[in-house]
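Here is the structure we will look at, set down as structure tokens.
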Protein chains: 2
Amino acid sequence: MTSTTLVPVFAALGDETRWSILVALGEGDASASALAGRLPVTRQAIAKHLAVLQDVGLVESVRVGRELRYRVLGAQLSETARRLDRIGAEWDRRLAAIKRIAEEL
Amino acid sequence: MTSTTLVPVFAALGDETRWSILVALGEGDASASALAGRLPVTRQAIAKHLAVLQDVGLVESVRVGRELRYRVLGAQLSETARRLDRIGAEWDRRLAAIKRIAEEL
DNA sequence: GATTAGTGCAACCACAGAGTTGCATTAATC
DNA sequence: GATTAATGCAACTCTGTGGTTGCACTAATC
């Protein structure tokens, strides 16, 4: 669990249309067709985006009758955020150390 | 400050080579030419990546004699992480609410 | 059983961008 | 001042992918 490498997650998050989809799903679960009604792109395009998002664990799908309903997974976002924060903190720590050493010269 | 829209930041972080550059810079500041010595890509390719990273505020550059030295900015990463975390938390909150309502039916 | 709303699959187009090579330019160094 | 090491700029290739259209399939609904 949460063993996803983070680069593909960022790649998935680096697209405006996918954010539109995520935001729309944030209002409540929906199918690709339903999303196509609200967004200015084709159902097929949305389906592809949903596949990408699902691959990196940002959404999950559930069959409801003849439709595939998608749900956004905030936990994956939080996990990614935590990892990012740790990296950023580490880099700032090193930067501070280097700066300190430089000033001592 | 920190008014960067986050989608381009994610797009910038969604590339393996750029992460290699960030990690290399994490070991200490360096110029595009210096990085080209350590990474399996051309100096020009690295220069382009550095431009992307600088555009979204992930690195900054300082002229040192005839070379342009780059430095990674962990603060921008932390800021991005904080925003991500807030979004994820919000979505999980809504999901929980929806689930609760569904169970009450 | 016919219709209809939803998904799945495949081919295709167009553009962005990751990477390259080549040359011009600038600033240290001898 | 000549040389050398760095950056800057431009053109080009090639792959990835966001988007489309078209059709086949499946499962509700009438």
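Chain naming here is simple, since letters A, B, ... match the order of the sequence lines and numbering starts at 1 in each.
Interface residues of residues 53-70 of chain A facing DNA chain C, ordered by number: A:Arg63, A:Arg66, A:Glu67, A:Leu68; criterion, heavy-atom separation under 4.0 Å.
We find the CD-CG distance between B:Gln76 and B:Leu6 to be 9.5 Å, quoted to the nearest 0.5 Å. Atoms CG and CG, on B:Asp85 and A:Asp85 in that order, are 8.5 Å from each other to the nearest 0.5 Å. Atom CD of residue B:Glu90 and atom CD1 of residue B:Ile87 lie 9.5 Å apart, to the nearest 0.5 angstrom.
Of the side-chain N and O atoms in A:Ser33, none sit less than 4.0 angstrom from OP1 or OP2 of C:dA5.
Across all strands, B:Ala47 comes closer than 4.0 Å to no nucleic acid atom at all (heavy-atom distances).
Within the 3.5 Å criterion, the main-chain N or O of A:Leu53 finds no donor-acceptor partner in the side chain of A:Arg18.
For the pair A:Val56 and A:Ala12, the tightest heavy-atom approach, listed with the atom from each and the gap, is CG2-CB, 3.9 Å. Between B:Gly57 and B:Leu73, the shortest heavy-atom contact is O-CD1, 3.7 Å.
Distance A:Leu13 CG to D:dG18 C1': 16 Å, rounded to the nearest Å. Following rounding to the nearest Å, A:Glu16 (CD) and D:dT17 (P) show an atom-to-atom distance of 18 Å.
The aromatic rings of B:Trp91 and A:Trp19 lie tilted to each other, with the angle between the two planes from 30° to 60°.
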Which pairs, protein N/O on one side and nucleotides 18-21 of chain C N/O on the other, fall under 3.5 Å?
from: C:dA18; atom 1: OP2; to: B:Arg18; atom 2: NH1; distance (Å): 3.0
from: C:dG19; atom 1: OP1; to: B:Thr17; atom 2: OG1; distance (Å): 3.0
from: C:dG19; atom 1: OP2; to: B:His49; atom 2: NE2; distance (Å): 2.4
from: C:dG19; atom 1: N7; to: B:Lys48; atom 2: NZ; distance (Å): 3.0
from: C:dG19; atom 1: O6; to: B:Lys48; atom 2: NZ; distance (Å): 2.4
from: C:dT20; atom 1: OP1; to: B:Thr42; atom 2: OG1; distance (Å): 3.4
from: C:dT20; atom 1: OP2; to: B:Thr42; atom 2: N; distance (Å): 2.6
from: C:dT20; atom 1: OP2; to: B:Thr42; atom 2: OG1; distance (Å): 2.0
from: C:dT20; atom 1: O5'; to: B:Thr42; atom 2: OG1; distance (Å): 2.8

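The environment of CZ in A:Arg82 is sparse: at most 12 heavy-atom neighbours from other residues, nucleotides or ligands sit within 6.0 Å.
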